[in-house]
Structure formats: C-alpha cells, structure tokens
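Reviewing the structure listed below.
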Amino acid sequence: YFFFLSQHIEAGFELLKLRHINNPDLFLNKTALVVGVKFLEEIDKKSFQIGAGFDKYNIEKNINFLYSAIAVAEKYWLGVVVNLEKRSITTFNCAAMKFTDASLVLYVNAYAMALPFMIRNFFKDVSMDTSKFSIKIVSEGFPKVLKIEDIGVYALKLIECHAMRIVDMTKLSEEKIAIIREKLAVDIFSELQ
C-alpha cells in the first residue's frame, strides 16, 4: 500500500518538474528546484552518507529552494521546502489533528542534521557550514486533510502554491482536493507519457 502511494507522489513531483520546465513563467520562484521524494531518500540519516544516485540532481549555486516530501508513519506525506540560503526546512502539516507539530519534529530533525553534510559533499566544499538546518512546521493557513488518501495531493498542491508564490491557500477545500486528485491522475497519465 505504501509503495503504491510512494509511486504516485513521486509521479506528482515528476509532473511538477515537467511543468516547471515547460512553463517557467508560472513558477515565480526562479531559484527553486523540484527534486521529489527520492532526493531525501538518498540520505542515510544515520551516517550522513549520500547514495550513489545523488549526482543526478542538478543543484547549482543559484538554487535557493528544493521541493521534496517526507513519508511519516508510512501513509502520511509532509510537503517539504528546503531553503538553502536561510538554512531552513519548512514542512506543511496538513493533518494536524492526527499528527501534532511536535510529533513531526523527530522525522524532520534527521533531515535537518543530514542536509548540510549532503549539500557540502555535493558542492565538494569542505569549508561549508555543516550545522543543523532550522525547522519550521506549518499547520495554519490552509485546510486540513480529512481523508488520509488525499494527503499526497495536499502536499503536492501546497508545494506548487509555494513555487508559484501563492500565499492564500485557504481556498483549498475537501471538494476541490477531490477534483484536483482526479485531474492530477489524468495529467500524470497524459503528460508523463
């Protein structure tokens, strides 16, 4: 079940990457890179080692934001915005009634400690700061998910809004998310073929 969800959210990130390439004018955040779920999975959080496939991410010096997601409790996705310039990780908690912000810190903390090492190794710059990134878990300013199967759609939509610099996310609703989920499935099938 989780693998199935993981494939869908990764496909959603692939669609977002493609849209970012094909319609750069829509994405007002010009220093952002959509890296997807596998990006953070490349990190071995215990030893801060980077997986062999990490080089495929084209992170250039002008990139300030990375968009990804973290799996929590095998069903729940946290949309993640990594700000390389401010050395921070912001996550969107769409299911605050199920997971408190405090309970999510444990999941995000491992990435906050590993990312500085990962970025330093990527740029091969031993002078780069490896202190832990700050963490911000946001659970206000957008509707909460009612059906856990919609959590990936919420995470993707909130990241897309961030990339487009849309700050008013209160218009997202359970009815709209159901429509977005159906449209996303069609778009993934048609645009990624």
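Only a predicted model underlies this, so the values are computations on that prediction, with no experimental measurement involved.
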Non-hydrogen atoms of [X] and [Y] that approach each other most closely:
| X | Y | result |
| --- | --- | --- |
| Ser68 | Ile159 | O-CD1, 3.1 Å |
| Leu115 | Ile89 | CD1-CD1, 3.5 Å |
| Tyr111 | Tyr107 | CD1-O, 3.3 Å |
| Leu78 | Ala155 | C-CB, 4.5 Å |
| Val34 | Lys17 | O-CE, 3.2 Å |
| Ser131 | Pro116 | O-CG, 3.1 Å |

In Å and rounded to the nearest 0.5 Å, what is the [atom1] to [atom2] distance from [X] to [Y]?
| X | Y | atom1 | atom2 | result |
| --- | --- | --- | --- | --- |
| Thr91 | Ile137 | OG1 | CD1 | 4.5 Å |
| Leu15 | Glu160 | CG | CD | 8.0 Å |
| Asn64 | Thr31 | CG | OG1 | 4.0 Å |
| Phe117 | Thr130 | CZ | OG1 | 4.0 Å |
| Asn83 | Lys136 | CG | NZ | 10.5 Å |

Exercise. Go through the steps to decide whether Leu84 and Phe133 satisfy the test side-chain contact (heavy atoms from CB on, under 4.5 Å), and finish with yes or no.
Key: CA-CA 9 Å; Leu84 296 173; Phe133 278 28; 4.2 Å; yes
Exercise. Indicate yes or no: at least one non-hydrogen side-chain atom of Tyr67 is less than 4.5 angstrom from one of Leu16.
Key: no
Quiz prompt | Test log, rule side-chain contact (heavy atoms from CB on, under 4.5 Å), inputs Leu104 and Tyr76 | solution = CA-CA 11 Å; Leu104 295 174; Tyr76 177 55; 4.2 Å; yes
Quiz item: How would you list, by chain and number, every residue that makes a salt bridge (Lys or Arg N to Asp or Glu O under 4.0 Å) with Arg120, sequence neighbours excluded?
Solution: none
Practice problem: Taking salt bridge (Lys or Arg N to Asp or Glu O under 4.0 Å) as the test, write out the residues that go with Asp125, two or more places apart. | Solution: none
Quiz item: Is there any salt bridge (charged side-chain N to carboxylate O under 4.0 Å, His left out) pair reaching into residues 85-96, and which pairs are they, with sequence neighbours excluded?
Solution: Arg87-Asp129
Quiz item: Is Asn93 reaching over with its side chain to a backbone N or O of Phe99, donor-acceptor style, under 3.5 angstrom?
Solution: yes
Quiz item: Who passes ring pair (Phe, Tyr, Trp, His ring centres under 6.0 Å) against Phe27, sequence neighbours left out?
Solution: His20
Quiz item: Can you name the residues that form a side-chain hydrogen bond (donor to acceptor under 3.5 Å, both in side chains) with Thr100, not counting sequence neighbours?
Solution: Ser103
Quiz prompt | Partner residues of Thr90 under the side-chain hydrogen bond (donor to acceptor under 3.5 Å, both in side chains) criterion, sequence neighbours left out | solution = none
Self-check item: Verdict with reasoning, Phe92 to Val81, per side-chain contact (heavy atoms from CB on, under 4.5 Å)
Solution: CA-CA 9 Å; Phe92 301 111; Val81 178; 3.8 Å; yes
